[in-house]
2 protein chains.
Amino acid sequence: MRSLFDFVGGEAGKWRVLSAAAVRGAPLDPVGYVDVRPAGGDVPATGNAWCLKGQISNLRYATRAEVTALRSSQESLGRTQARRAALIPIRKTPAWWDLAQDERRAIFEDQSHHTEVGLRYLPAIARQLYHCRDLAQPFDFLTWFEFAPESADAFEELVATLRSTTEWQYVDREVDLRLERQG
Amino acid sequence: MRSLFDFVGGEAGKWRVLSAAAVRGAPLDPVGYVDVRPAGGDVPATGNAWCLKGQISNLRYATRAEVTALRSSQESLGRTQARRAALIPIRKTPAWWDLAQDERRAIFEDQSHHTEVGLRYLPAIARQLYHCRDLAQPFDFLTWFEFAPESADAFEELVATLRSTTEWQYVDREVDLRLERQG
């Protein structure tokens with residue numbers, strides 16, 4: 001039922017950090033590796049720089065038509081060829097959270113075309129959103145992407161497009177970690 | 001920023017239990033009192049039957065027009081004359097959570113008139129919704145109401161109206177605790 005995950009930054013892990021940038025606001029402490037683990041499983045690792053928690057939850061804006069379009073073309077995480085990943089934690093401003101649902105939906109899709117933009121890059125770029133606003137975390141969302149090295153340019157385009165939207169004017173903290181799978 | 005609360009059922013607390021009913025699904029263990037506390041404050045009480053956690057979060061369905069209507073007539077918790085309260089934890093079915101946003105909104109308001117019904121009972125019945133679906137809790141929401149004893153009949157009407165809606169067909173667990181303030 002519950003799908004809570006730990007994103008652990010430290011000196012070991014499945015994903016090696018290729019680059020880390022503080023796009024807006026405070027950075028995360030530099031780490032060499034990121035590991036993604038179901039929460040509460042193993043003994044918590046010690047000596048890690050940070051642990052971000054995120055929860056897979058229900059979709060908050062997508063209409064049925066959009067859900068159908070997404071499900072028909074998106075691929076799951078863990079594909080063999082998807083040796084690159086990006087972990088982009090973001091936090092939105094209090095002004096965003098004070099908007100009504102119709103106002104957030106209008107900015108998210110009608111103005112910023114968030115789902116529509118993401119659809120253009122399916123199935124090459126697999127995505128998973130983890131929620132953490134209700135978990136007393138430093139970010140509201142952990143966004144996670146997986147793709148093959150040959151889709152790296154397309155991924156840059158996707159990220160640049162989203163960052164140019166009206167929606168992104170409500171982002172007040174964003175860190176961008178690019179990762180390469182080990183083994 | 002964060003507004004996480006513990007709803008503690010036990011042998012002491014600000015609110016004395018007048019009645020407790022398992023409306024749908026499993027009951028909660030019987031208790032004499034309920035206390036509502038900001039989470040993480042004092043030492044956790046021992047010997048309590050249960051502790052439900054809930055988080056004040058952003059509105060998920062209300063439009064700007066509805067938010068404006070709500071804010072113009074709702075009253076806050078803690079009014080002197082509001083000596084009665086109700087704690088009604090509810091859980092919704094997986095089918096509900098698998099609906100797209102537009103489908104949930106259509107059931108919530110267009111078909112079930114959830115906000116419109118609630119507005120009819122403002123300002124007499126003060127309400128606060130606490131989210132817990134993302135907190136690994138046995139319920140999805142803790143709904144909390146405060147009113148003066150003379151509004152008790154109106155409150156019964158409000159609850160009966162909501163339970164008769166299409167939205168409530170997606171509720172698979174609901175417990176209803178009626179409370180009286182001590183002192």
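Below, read A as the first sequence line, B as the second, and so on, with proteins coming before strands; counting in each chain starts at 1.
Contact annotation for residues 139-171 of chain A against chain B (heavy-atom separation below 4.5 Å): no residues qualify. Inspection of non-hydrogen atoms places A:Gln101, A:Asp102, A:Glu103, A:Arg104 of residues 101-108 of chain A under 4.5 Å from chain B. For residues 64-93 of chain B, the interface with chain A (any heavy-atom pair closer than 4.5 Å) comprises B:Arg64, B:Val67, B:Arg71, sorted by residue number.
Put simply, B:Leu129 and B:Leu119 are part of two different groups of oily side chains (I, L, V, M, F, W, Y) that touch within less than 4.5 Å, one to the next. Tracing side-chain contacts under 4.5 Å through hydrophobic residues (I, L, V, M, F, W, Y), one reaches A:Trp15 starting from A:Val17; they form part of the same cluster. B:Tyr121 and B:Tyr61 end up in the same hydrophobic cluster when Ile, Leu, Val, Met, Phe, Trp and Tyr side chains are linked at under 4.5 Å. Residue B:Leu18 is not grouped with residue B:Val23 when hydrophobic side chains (ILVMFWY) are merged at heavy-atom distances under 4.5 angstrom, including chains of intermediate members. Transitive grouping of hydrophobic side chains (ILVMFWY, heavy atoms separated by less than 4.5 Å) keeps A:Val36 and A:Tyr33 in distinct clusters.
To the nearest 0.5 Å, atom CG of residue A:Leu135 and atom CG of residue B:Leu4 are 10.0 Å apart. Between the CG atom in A:Leu59 and the CG atom in B:Asp98 there is a gap of 9.0 Å [rounded to 0.5 Å].
Sorted by first and then second residue, the salt bridge (Lys or Arg N to Asp or Glu O under 4.0 Å) pairs involving residues 9-32 of chain A (not counting sequence neighbours) are A:Arg16-A:Glu180.
Pairing each heavy atom of A:Asp134 with each of B:Ser57, the nearest pair is OD1-OG, 3.2 Å. Scanning both residues, B:Ala62 and A:Ala100, for their nearest heavy atoms gives O-CB, 3.3 Å.
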